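In what follows, a single structure is set out as structure tokens and then discussed.
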Amino acid sequence: MTVPPALQSPGAGRAASAPLLGHEAEPTIFELSAPGRRAWSFRNTGVHEWAAEELVPAEHLALEPVALPEVSERDLVAHASRLSHRNYSVDLGAYPLGSCTMKYNPKMCDAVAAMPGLVGCHPAQPESQIQGWLALMHGLTEALCEVTGMAAATLQPAAGAAGELTGLLLMRAWHQSQGNPRTKVLIPDSAHGTNPASVTLGGYEAVTVPSNAQGLVDLAALRDLLDDEVAGLMLTNPNTLGLFEREITEIAAALHEVGGLLYYDGANLNAILGVVRPGDMGFDIVHMNLHKTFATPHGGGGPGAGPVAVTERLAPFLPGPLVRHDDEAETYRWFTPAQSIGRMHLWHGNAMVLARAYSYILGYGGPGLRRVADAAVLNARYLKERVRGSYDFPFDDPCMHEFVASAARIRRETGVKALDLAKRFIEEGFHPPTMYFPLIVDEALMVEPTETESPQTVEAIAQALLRIAEEAATDPEAATAAPRTTVVSRVDEARAARDLKVRWRAED
Amino acid sequence: MTVPPALQSPGAGRAASAPLLGHEAEPTIFELSAPGRRAWSFRNTGVHEWAAEELVPAEHLALEPVALPEVSERDLVAHASRLSHRNYSVDLGAYPLGSCTMKYNPKMCDAVAAMPGLVGCHPAQPESQIQGWLALMHGLTEALCEVTGMAAATLQPAAGAAGELTGLLLMRAWHQSQGNPRTKVLIPDSAHGTNPASVTLGGYEAVTVPSNAQGLVDLAALRDLLDDEVAGLMLTNPNTLGLFEREITEIAAALHEVGGLLYYDGANLNAILGVVRPGDMGFDIVHMNLHKTFATPHGGGGPGAGPVAVTERLAPFLPGPLVRHDDEAETYRWFTPAQSIGRMHLWHGNAMVLARAYSYILGYGGPGLRRVADAAVLNARYLKERVRGSYDFPFDDPCMHEFVASAARIRRETGVKALDLAKRFIEEGFHPPTMYFPLIVDEALMVEPTETESPQTVEAIAQALLRIAEEAATDPEAATAAPRTTVVSRVDEARAARDLKVRWRAED
Amino acid sequence: MPDYVPHTDAEIDAMLGFLGLDHLGQLYDHIPHAVRLARGLDLPEGLSESEVISAFDGFAQRNRAAATDLVCFAGGGAYEHELPSAVKAMASRSEFLTSYTPYQPELAQGVLQALFEYQSMLCALSGLDVANASLYDGASAAVEGVNLAAAATGRRHVVVSRGIHPHVRAALHTYAAGSGLAITEAPLADGVTAWPADLAEPACLLVAYPNYLGVLEDVSEAARLAESNGALLVAYADPVASGLLRSVGSMGADVAVGEGQPFGSAMSFGGPYVGLFAVKDAAYVRRWLPGRLVGETVDADERRAYVLTLSTREQHIRREKASSNVCTNQTVIAIAAAFHMAWLGPRGIREMALQCARGARYLRDCLTMIAGVEPAVGAPTLYEQAYRVPRSPLVVLDRLADEGFLGGIALDGDYPELGNAILTTVTETRTRQEIDAFAAAFEKACSP
Amino acid sequence: MPDYVPHTDAEIDAMLGFLGLDHLGQLYDHIPHAVRLARGLDLPEGLSESEVISAFDGFAQRNRAAATDLVCFAGGGAYEHELPSAVKAMASRSEFLTSYTPYQPELAQGVLQALFEYQSMLCALSGLDVANASLYDGASAAVEGVNLAAAATGRRHVVVSRGIHPHVRAALHTYAAGSGLAITEAPLADGVTAWPADLAEPACLLVAYPNYLGVLEDVSEAARLAESNGALLVAYADPVASGLLRSVGSMGADVAVGEGQPFGSAMSFGGPYVGLFAVKDAAYVRRWLPGRLVGETVDADERRAYVLTLSTREQHIRREKASSNVCTNQTVIAIAAAFHMAWLGPRGIREMALQCARGARYLRDCLTMIAGVEPAVGAPTLYEQAYRVPRSPLVVLDRLADEGFLGGIALDGDYPELGNAILTTVTETRTRQEIDAFAAAFEKACSP
Ligand SMILES: Cc1ncc(COP(=O)(O)O)c(C=O)c1O
Ligand SMILES: Cc1ncc(COP(=O)(O)O)c(C=O)c1O
């Protein structure tokens, strides 16, 4: 009675990889595969069962099966469920990851995104069949224009970076229409990495504007950089330090003086909803991350949606198609603006994400959105003041929805880096802040509690931050060895890059 | 700058209770409450807003608010998500809990159970509005009758025990109609606890039939107990030892001889699907647990569904209403049998559970269900043989879908009890087998792998069982101190019963 | 066929080989041939997942669902309420849905704690001390309630108000055939229970609050009557109404039973729902409380932990001496109810009940303007109301259905004494616009 | 209003008090008054959850959804396939859905491993060595593909087959305004790309397999041509077709791009979908691979672990020198695709492609019996086919819609050279019965 080798697969079916039962590694789905096993089943169509050879010329037919795993549905579900238990999420707890606006994603919006009458539409259906979708997109566009103080918008960009590039291509098209596309786009040194990258993809040279001692745009330095080759300036306001650019009117005037356009990186609008509007500050182009401000779930990295709104004069260049209401026929119609830059998406953008965001906006309404801003700023401001003393604030203007603390002093005094503090913070039961961004702050920890965390949670975060700062002095090892409560301990990033292994292979 | 006391609630928002981040206790939802907080919102109906006092006489009006927690939706979702991470489930891994048939619950059936056209029906809608539901119930009834070899069935009982009582009340009604309700019902000593309890509730005296050395009904002893006060015999076949009652024909004949009825506890039909049918074995009444054999999820303890099928002669006594097809009018109609015992449910049974089970049956079809039986028995038989030697089998007939091992020898030799082995087994990454049931096996471990576990998983379970048995000899402490990988270590059951605390109170 | 059996032919052969068998049929060699099924099961061929979904889409389309295809004014024990997405999403987490009864507490703290919270909320709602972890439905809860009363008092007679849901009364009679309890029905006078002068040594009185006709019964009076007769008062309490009304416990009930569907569950064609059960913290908890009970305790490291407790009451220990046979209950439905109650909180539950009552009041203002339509009972009601109509209730309801309304439940079968009457219900989901349209249709439906 | 902001007034006051402020407005005191919004946002009042759901039900009802209200014969880059419930359920687990990009690997092993598996499956599908963790959609994948080719070859000219999806070609042109790449379009001859004789130092050739008209292009030939011109071959490959056809990698493609929607995603009115991207394991991976990449490594205790790797390519490190600006991608859609591919396995994916091809073949047999209807191109196709029709495509499609069919996509706008033509698609969801009914309706629709 010897055990057949095919039945040996000690990891199979065990849930020890789920942290509830232990901390073992979860096998890959390939390692759960057994030849001939299957989860699939298909409808019996009743169509004649031609052989592949009868349908496909021999030179096109695959010579061997695709090397996908062969698993039962049960094992697939168990594997996926166990993987899910190896992942933190907003639904599990606070996630004060700066610049990412990890607020609660209402389940109501999930229900909207599952409606068959929305999810079942083909993107190329004729207008008459998709009036609901067109109405939805039209309504969302109008709402986003009202929130930003802009005249028109495209919903196509699939994420913030795509929105940025859209904005830059709009800039280029505008300047082109004025006779000269120009060559440079200015960005502050505190800008998010996607900004300079997008500038390059937009065909511009990225020129850095230094920050002043307050962490704001150095207006004098900006003025020095301005000339008629400057296509525009990309600003985040509140900037990535969480600070409001107080001189925004002057900045806008200076830029407009040389014919440049002012671009608003509106990834995070949380702090300004109903408070100030990019349009009213003099911005010409705004992109928004619906997956931040408007609470659509981040999906472990995506999908998002990065609509771009513009002033009247830039509207003719927007990507198409856009939706308009034909008042006479009482129907919605697609149209493409006269000087459209073209297309930023295969279809109409991340439509289901748009639907979620619009449901969020309809739920809150105008006063509700202002309440979001108030609570987001209040939480950040409170948290910042609670941890003052233990952390430093190199740029110390009143913060908006987030703040950037520096652990440079802690590092100097104890050797514990921002990274170590972040890892140690995990053991306190929270996702860590963003580390080492923006680049102009040494040992940066960028903290954004968001408005959906209760005051009690914010206070608990404060206490945890104070505790780990204090502990760094007395027991630095606790931080450098952290985290020890997670399914894996500190992950060796250097090894991953050195011994690149980016796919599963039977041989390995 | 002192911290306002209202903001102090160190547990708030922390995910350290999720095993991914640590093993702290999760606060109760009451401890996350803050006065005035809310998750709720309601439709604005536009109806005049009468005050409560205008609508309800003063003597009926509540004097104080109901002491429910006040939480944000975000905190509720986080709390529930973290609780979910503190719970094992079939979706996470193998669950060889004997007598419980913890097979994979297909997600397809969840989709069926979420259909608005099913879930949105009021149970008192007139027949003409619920033809789909009636067709579904009719089809399920017919399928269950075919599987069991019976003539008619009720879908009302909400679980197995309710099915048993239904069967016993049918028994009583039958005998009553024959002039004498009789006084006794026989049950084997290996029977599930619900059987004797149901017998009592059915108004009968439960008389125990001993098992013979093979773990089967002692036919001679049974014959001795039979007389014309015996209303019936409740049998499980395969019995709770996982063994098939080989002398079932003789048992049935003996019982029928004295006018008794044979009741089949069909909680677990897994082993007999398409192999043998209760009707063909001579049974008169069968209850089925759809939440076992037919893969509806157990829901952490329920809901289930326990339909009862009967032979032709018992059909007139079934609870009503039942569904029939009016061939002439081509519609389905409710009807209540002439001598119906009445009602076993507020409405028509656990309808959504019934829908799930029927979708499972339609998916598999006839040959598919036989494949279920084959794999269920094969898995159990394989596993039993793999652990032979390390565990004993006091009753050693070939097992069907499950088997009962005894750890009595291990206990004698090492002091490690079945309970300890079960707790130690958790650390191996599996849910433990059923312990201490059936009662006729010392230090029983009842193991039911089910058919949806792959051969590799079954082998992994075997290796784990062998490993812990071996370890008991060398390191008994490992078992008695287990489990140590879970969110809580061994739970003090005695203390719970002694210092009864069964609700949250602010004072505690 | 979706085939959830993972075994490949090669693996089956390997396993059979290990067992020394040649083919699967041999697994059953020890089963007498005479009883073996010689043919395959006479069931249709298996279907793929998408075919199954299509088949059930077909069933769904043959219904006119009250919640989606009609505007629903029916209640009577099954209600359309607003069901928050968060509650649905959380209760359907697979850890709750696909686990068994928490026999191994170390692996089931999630379910156990959720049930502990459910029990606690039920105590708050009922004004009583101990709630169990759920029963099947309102009917089984009522049955267990009278059974507990019988066990606790040692009496064999129960007096049941005719204001109790007709199906619950039917179930009480059905179960009584086994338990041997004698049941007396106390009639209604203008909608209110008229308790018989001689209660004949009752184990309990069973009264509904509000009752099936929506009427606010005098629970305190029933409690006094029960007490003075040495009986318990079992109250069948509507959990939504509890948001606005005095708790039955505070009015003297010893046991609260009821149907928890409005919290966390859709109408679901009648199930699965959840039976609510709470009692005073009297001696009988330890012996006669039916069903599962979760208690707080500690683990080996003195950390807070939860566990099923007092299992010595239960069938798996006490067997034929157990007071109840319940084993599988309605756990995940109870968990959904708990999540919904937490979503509501004290103010939300009150608002919910109040909105129901307002809508019902507005509907009454509208319907009583129609010639021949009047409240069938005079006693005060909350959000359900029986109306006398000038023609056959079934005709009225049929005509309302043609206009897109589920107009209520015909009462002539269950309450012939009320004449032609319909029970209507208004929940917080109904708008003024819908009520106006309904009233207009009602008028049309009542016209000759 | 559902109000997901938890703060009570008392708590706000307490926090303000801690900050030494009197009211919330003071939070913005440092913002110049001139730019402050003096009024409230001009948006409708907030709605409760159930009102929002009703509003969206309203939108949904104003659509005729191809998947539920019509029988769908349209494809052209967005497909109705059978989407297993298990895949939907697993991909919507909140741990995947509500987490951010896995910057903290210790908290994100689930997402990271799922992406690692996705990458591995994409390698298998494409026959290439390294796949990234997703791009936005097919269009952005194609853009990144030609950008990578330009970077790797140092050339500024790309040759794009007219068989590439028209929207993808449009996007290539839009993005090229910024990148400065010159694009030459290679025309189709009877459905097959006719590469120009002089390729003019191309960075790459971009060909679709099958192409937008469903045609099986000669990828090997394109690869030879690319190689002999010092260019890369970028293949826009249909992942479903990959189940049956030779992988583009095996035929010589250097880069595979495409649209992954058929795996794991519904048609969703066009998004979110997922851009597929895989490359040969050449030197350019480390420098120019766009997007996130997950690598296997170990933790401090030498346990297997996963982490985002080679981030030095990316915008957050390289900033203006990064080859791509992509940050947020389509992770959870990629995870759904991976789960779906695992559900299919090698045999399921082949069966899926085969059933599509069979249905399309049967449809061709039916449609070509109709007078005036014929394949618009002669080259062999797989499951999409362009048909010439005897009248305006829009009229034909309108008439088909009246009969309950989404009949395909009109080609006269994008491919005027084909005359009156419609692109039809058959997937494994379409039964013979549906195809028969469609053919009958098609005949009627084509009649004068
Ligand atoms: C300030 C800022 N700008 C731009 C982006 C880029 O947005 P996305 O990741 O959606 O491309 C982000 C998001 O990380 C951001 O925080
Ligand atoms: C053999 C047997 N009979 C009866 C039952 C009771 O079924 P239920 O729990 O559904 O009431 C069970 C379930 O535990 C069982 O295993």
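Chain letters run A, B, ... following the sequence lines, proteins first, then strands; residues in each count from 1. From a predicted model like this one, the values you see are computed outputs, not experimental measurements.
Under a 3.5 Å cut-off, the side chain of D:Gln113 and the backbone N or O of A:Glu26 do form a donor-acceptor pair. Remark: side-chain polar atoms of D:Asn63 are paired, donor with acceptor, to backbone N or O of A:Gly132 under 3.5 angstrom. Distance alone, capped at 3.5 Å, places no donor-acceptor pair between the A:Glu493 side chain and the D:Thr309 backbone.
Side-chain contact check for D:Asp299 and A:Ser489: at least one donor-acceptor pair (N or O, by modelled atom type) lies under 3.5 Å. Between the side chains of A:Asp374 and D:His7, no donor-acceptor pair of N or O atoms lies under 3.5 Å. Between the side chains of A:Trp40 and D:Glu351, no donor N or O sits under 3.5 Å from an acceptor N or O. There is no side-chain donor-acceptor pair under 3.5 Å between D:Ser120 and A:Arg503.
Counting heavy-atom pairs under 4.5 Å between each of D:Val111, D:Val307, D:Leu97, D:Asp129 and chain A puts D:Leu97 at the top. Of all the listed residues (D:Asp301, D:Ile349, D:Leu107), the one sharing the greatest number of non-hydrogen pairs under 4.5 Å with chain A is D:Leu107.
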Subject >> side-chain hydrogen bond (donor to acceptor under 3.5 Å, both in side chains) assessment of A:Thr194 paired with D:Asn325 >> reply: CA-CA 5 Å; A:Thr194 49; D:Asn325 67 339; over 6 Å; no

Original post:
Taking it one step at a time, do D:Gln330 and A:Asn350 satisfy side-chain hydrogen bond (donor to acceptor under 3.5 Å, both in side chains)?
Top reply: CA-CA 10 Å; D:Gln330 306 281 120; A:Asn350 281 341; 3.1 Å; yes

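Put simply, CD on D:Glu296 and CH2 on A:Trp504 are 11.0 Å apart, with the number rounded to the nearest 0.5 Å.
Note on ring orientation: taking the six-membered ring where Trp is involved, the planes of D:Tyr100 and A:His298 are tilted (angle from 30° to 60°). The aromatic rings of D:Phe269 and A:His348 lie tilted to each other, with the angle between the two planes from 30° to 60°. By the 30° and 60° cut-offs, the orientation of the rings of D:Tyr362 relative to A:Trp50 is tilted.
At a 4.5 Å heavy-atom cutoff, the contact between D:Leu245 and chain A is made by backbone and side-chain atoms alike. If you measure heavy-atom distances from A:Leu97 to chain D, the contacts under 4.5 Å come from the side chain alone. Contact of A:Lys423 with chain D is made through the side chain alone, with heavy-atom distances under 4.5 Å. Only the backbone of A:Glu59 comes within contact range of chain D, with at least one heavy atom under 4.5 Å from a heavy atom of that chain. For D:Ser134, no part sits under 4.5 Å from any heavy atom of chain A, backbone or side chain. Proximity to chain D is limited to the side chain of A:Tyr104, based on heavy atoms less than 4.5 angstrom apart. For A:His60, the parts sitting under 4.5 Å from any heavy atom of chain D are the backbone and the side chain alike. Using a 4.5 Å cut-off between heavy atoms, A:Arg490 touches chain D through backbone and side chain atoms alike. Heavy-atom distances place the side chain of A:Met102, and not its backbone, under 4.5 Å from chain D. Only the side chain of D:Glu82 comes within less than 4.5 Å of a heavy atom of chain A; its backbone N, CA, C and O stay farther away. With a threshold of 4.5 angstrom between heavy atoms, D:Arg304 approaches chain A through its backbone and through its side chain. Contacts of A:Ala52 with chain D are made by both backbone and side-chain atoms, with heavy-atom separations under 4.5 Å. Using a 4.5 Å cut-off between heavy atoms, A:Met108 contacts chain D through both its backbone and its side chain.
Classification of D:Glu428 and A:Arg43 as a salt-bridged pair fails, no side-chain N sitting under 4.0 Å from a carboxylate O.
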